[in-house]
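This report refers to the structure that appears directly beneath it.
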Amino acid sequence: MDPLRHDTSSQSVKDTSFEVEDVYEDDELTLQQSNGFAEADVFSLQEQQPTSRDDTKVAVDQKAPHRSSSPTHRLRLSLNERQLRAVTFPLQSQLQILAGPGTGKTKTLISRVIFLLSQGVHPSNIIVTTFTVKAANEMRERIAAMVGPSVASRLVLGTFHSIARRYLIKYGYLIGLPTGFQIADETDALHFIQSVMKEVDPESDKNDCRHARNAISNMKSRAIQPSSLSALEYTTQEMMQVYSLYQGKLAEANFLDFDDLLLKCMELLRTNPLVVSNIQAVLVDEFQDTNVVQYQLMKLFAARRSNITIVGDPDQSIYAFRAAESTNLMRMRQDFQDTSVVSLEENYRSSGHILNAALAVIQQDTERIQKTVLPNHDEGHMPVFFPARNPYIEARHIVKEIQRLIDLSCGMLKPHDFAILVRSARLTRPIESELTKAGIDYRIVGGFRFWEREEIKLLVNYLVVVKSRRSPALLDIINSPRRGIGSVMQAALLNHANAYQVPIWDAIQRAIDGQVRVNAKVRSSLKQFVDIITEAERLVQDSSRETPLADALDYLITALDYKEALRKDRGDTWAARWENVTDLKEHIRYFCATAPDPELPDIDGVEGTKAADDVLSRFLATVNLAPSEAESSAFDPTMVLTISTIHGSKGLEWPVVFIPGVYEGSIPHALSLAKEVDLAEERRLLYVAMTRAKGENI
DNA sequence: CTCGATGGGTTTTTT
DNA sequence: ACCCATCGAG
């Protein structure tokens with residue numbers, strides 16, 4: 001027998017299961033259950049939502065033949081007692097599922113969704129929020145595997161941000177939001193802040209801007225308005241002024257930043273609750289990481305029936321720096337006095353020794369609420385502590401250990417069974433170079449994200465300019481690749497734009513037309529630049545093409561001679577960068593071929609805006625909200641090891657986990673040493689990292 | 001004016 | 001390793 005495989009049949013838990021068959025056929029939901037939770041074996045319910053008229057496209061699955069003769073979607077879930085109780089908890093109530101690491105949290109949440117469907121709740125009347133886009137996609141896939149893609153695709157499922165965006169696109173006009181708003185990513189936001197900061201404090205540098213950006217985002221996450229006086233307890237008059245001016249700039253350019261998406265959606269639902277009147281159930285994953293605004297949004301989503309299920313674990317709250325408040329758990333119990341709590345205590349993931357070590361870390365927090373953890377595995381191996389003199393020795397040791405374990409297990413452990421989890425993205429460097437020396441492939445999640453890479457951002461910014469002629473993006477690309485438009489020329493253009501109150505794009509046009517004095521060389525460069533953009537725009541809008549967006553990108557890359565530019569400019573890293581460009585091309589082709597986000601259901605009595613959602617805007621929104629890495633599929637996925645920040649590792653697990661840099665200054669981070677609340681978060685961070693280890697009964 | 005070379009100072013975590 | 005400020009060459 002495979003000694004590394006966890007043998008589930010030895011579980012002491014009572015196995016309970018239910019099956020869903022032909023769940024969705026012609027608007028009828030059928031559930032078949034066995035030895036499960038209800039007396040009736042089979043019952044079916046009419047799709048009963050009068051407020052939803054999302055019936056036009058239902059026929060997709062109709063070609064599925066009848067139950068008796070067809071292969072049916074069949075699902076068997078084995079749940080333990082607590083999980084089952086949570087899954088089948090009565091509707092029209094509030095439920096908190098407190099689930100420690102490795103207790104089957106996601107499985108329980110998914111099963112609850114299936115349960116709700118089986119109870120006749122229409123999928124488009126269920127909102128499920130997840131913490132990342134990746135988690136949302138995985139969840140949709142797993143649900144689709146059980147109930148079919150047409151049901152799964154109708155769930156309103158995504159991050160708070162992406163769901164908010166969908167509501168705002170459709171109903172934003174109700175609160176006077178201009179159509180076609182754009183989402184400001186981190187770079188855009190910083191650009192705006194920068195220009196505001198210059199006005200307020202000409203001495204300010206980039207670091208001050210970052211600081212301001214964080215401070216403002218934190219206020220917005222708490223729903224503090226720029227006009228709020230009480231905010232002065234937190235921050236300075238000056239900062240509030242920056243905040244206020246920043247909001248002005250955003251509005252002027254028709255931008256919403258991440259926080260605005262949530263705030264505007266909150267405003268929308270407060271003033272127009274009808275918009276979510278169809279919603280029968282709201283489920284929130286990673287509840288301990290929601291901020292106040294998200295909590296309010298959750299309540300607003302559920303305003304009609306107050307049917308709320310949340311899953312969370314205060315011990316894994318690691319986003320307080322982003323204004324997440326795990327006290328939302330208590331807040332919810334106060335707001336909804338009948339809230340029930342189910343704790344999942346059985347840990348199916350880690351060995352006993354690992355759990356004990358992890359608990360020893362987190363129990364140092366005296367404020368913490370004690371929790372029962374029942375290891376389902378044997379004690380297993382002791383975790384190893386290796387004191388290293390410096391990062392290079394540490395990296396070498398880790399890589400040697402990985403090679404040793406692979407050899408020792410006779411290839412049973414493959415590189416993809418290993419993860420290296422770091423506190424800060426930059427700590428990966430020595431490790432990367434050791435891995436490269438050893439010839440082990442790795443991928444990095446979090447940290448240097450695909451979409452944040454310079455070459456990717458540049459090309460995306462070209463697309464942004466093609467779409468909107470947006471000034472921040474325009475300034476980013478105007479001299480990249482180098483075309484002789486230096487900072488002085490840029491300042492001149494900017495000046496002209498400001499003086500005449502026109503967009504920078506127009507200033508460029510005027511320079512070409514000779515209304516602004518420039519020398520011939522610059523003029524021809526500008527002309528060339530403008531031509532490239534207009535030609536790309538023509539391609540994007542050419543509806544006779546199959547993949548206009550991908551074609552436009554190809555054109556841009558060729559016209560810019562981007563490969564050559566990289567080779568010339570980027571020394572030894574140009575090849576890797578070019579590879580990223582190839583990945584981007586592939587990603588866009590794939591994107592062109594994929595279906596858009598499902599539309600929100602129409603609500604009787606509320607006019608929705610038909611999403612004028614062309615490929616390019618959809619793509620750009622995806623880039624902003626879902627900076628997931630584009631999986632480079634070139635190599636064997638089992639031969640790839642994972643490097644991730646601890647934050648990025650949440651919800652994942654590996655047989656072997658290394659946590660480098662566990663020393664004061666790294667974990668806990670130097671910037672967190674001053675305050676006990678921050679230290680507590682660092683402890684939880686280490687706890688999360690340690691509990692990623694999937695213990696095996698060897 | 002632009003560009004490339006040179007040298008010094010640096011970085012938490014992210015939707 | 002990357003970002004920035006500075007400076008001299010074209």
Side-chain angles (χ1 to χ4, degrees), chain A residues 129-136 158-165 183-186 189 205-207 210-211 213-214 217-218 220-221 256-262 285-286 289-291 293-294 297 317-324 391 421-433 445-449 451-454 478-492 517-522 525 568-573 576 621-628 644-650 661 665-673 678 681-682 684-686 688-689:
Chain A
T129 73
T130 59
F131 192 65
T132 62
V133 176
K134 198 172 161 214
T159 61
F160 271 104
H161 298 267
S162 70
I163 292 173
R165 170 178 172 268
I183 299 166
D185 66 12
E186 206 53 37
D205 64 9
K206 196 145 198 190
N207 238 352
R210 280 183 43 135
H211 178 77
R213 161 88 186 122
N214 281 340
S217 178
N218 259 289
K220 291 172 90 167
S221 304
L256 298 183
D257 71 10
F258 290 131
D259 303 308
D260 287 328
L261 285 175
L262 304 180
D285 196 7
E286 306 281 11
D289 288 324
T290 53
N291 63 34
V293 175
Q294 289 167 325
L297 262 180
S317 146
I318 54 175
Y319 283 92
F321 71 92
R322 209 170 85 182
L421 307 181
V422 294
R423 167 72 244 255
S424 325
R426 103 189 105 87
L427 298 178
T428 62
R429 213 183 305 286
I431 298 164
E432 286 184 72
S433 73
V445 302
F448 305 107
R449 309 286 232 31
W451 298 104
E452 317 232 307
R453 288 186 196 148
E454 198 188 326
I478 192 161
N479 197 31
S480 181
R482 307 238 109 101
R483 52 170 72 84
I485 322 261
S487 56
V488 176
M489 186 62 216
Q490 284 173 45
R517 265 184 52 187
V518 290
N519 70 41
K521 214 171 134 196
V522 169
S525 284
K568 219 172 63 199
D569 242 37
R570 294 292 158 184
D572 24 335
T573 58
T622 320
V623 170
N624 284 335
L625 291 179
S628 61
S644 171
T645 60
I646 297 174
H647 285 89
S649 75
K650 196 150 78 150
S666 174
I667 317 181
H669 194 275
L671 295 175
S672 73
L673 295 174
D678 294 338
E681 177 143 317
E682 299 290 311
R684 292 193 296 270
L685 207 45
L686 184 55
V688 167

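Keep in mind the model is a prediction, meaning the values are calculated, not measured. All chains are named by letter (A, B, ...) in the order of the sequence lines, taking the proteins before the strands, and each is independently numbered beginning at 1.
- Nucleotides of DNA chain B nearest to L685(A) and I485(A) differ in position, and the one nearer the 5' end is that of I485(A).
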T129(A)/I163(A) under side-chain contact (heavy atoms from CB on, under 4.5 Å): CA gap, chis, key distance, verdict: CA-CA 8 Å; T129(A) 73; I163(A) 292 173; 4.0 Å; yes
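- Checking the phosphate oxygens (OP1, OP2) of dC3(B), a side-chain nitrogen or oxygen of N479(A) falls inside 4.0 Å.
- At dT15(B), none of the side-chain N or O atoms of R165(A) fall inside 4.0 Å of OP1 or OP2 (strictly under the cut-off).
- Out of dT12(B), dT2(B), dT15(B), the shortest distance to the side chain of T132(A) is found at dT15(B).
- Distances from the side chain of R322(A) to the nucleotides dT15(B), dT12(B), dT2(B) place dT15(B) closest.
- Closest approach to the R429(A) side chain among dT12(B), dT11(B), dT15(B) is made by dT11(B) (side chain taken as heavy atoms from C-beta onward).
- The nearest whole Å value for the distance from the CZ atom in R426(A) to the C1' atom in dC3(C) is 15 Å.
- Backbone-only contact: Y319(A) has heavy atoms under 4.0 Å from sugar-phosphate atoms and none from a base.
- Contact annotation for N519(A): no contact, since no heavy-atom pair falls under 4.0 Å across all strands.
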Working for salt bridge (Lys or Arg N to Asp or Glu O under 4.0 Å), residues E681(A) and R684(A): CA-CA 5 Å; E681(A) 177 143 317; R684(A) 292 193 296 270; 3.3 Å; yes
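- For R482(A), the side-chain atoms get nearest to dC3(B) when compared with the rest of dT12(B), dC3(B), dC1(B).
- By the 5.5 Å and 30° criteria, F321(A) is not stacked with the base of dT12(B).
- Using a 30° and 60° split on the angle between ring planes, F258(A) and H161(A) fall in the perpendicular class, above 60°.
- If you check distances only, the side chain of H669(A) never reaches the base of dT12(B) with a donor-acceptor pair under 3.5 Å.
- At a threshold of 4.0 angstrom between heavy atoms, the contacts of E681(A) with the nucleic acid are absent.
- Contact annotation: T645(A) side-chain N/O to dT14(B) OP1/OP2 distance is under 4.0 Å.
- Side-chain atoms of K521(A) and R483(A), non-hydrogen and from C-beta on, never get closer than 4.5 Å to each other.
- For S424(A), the side-chain atoms get nearest to dT12(B) when compared with the rest of dT12(B), dG4(B), dT2(B).
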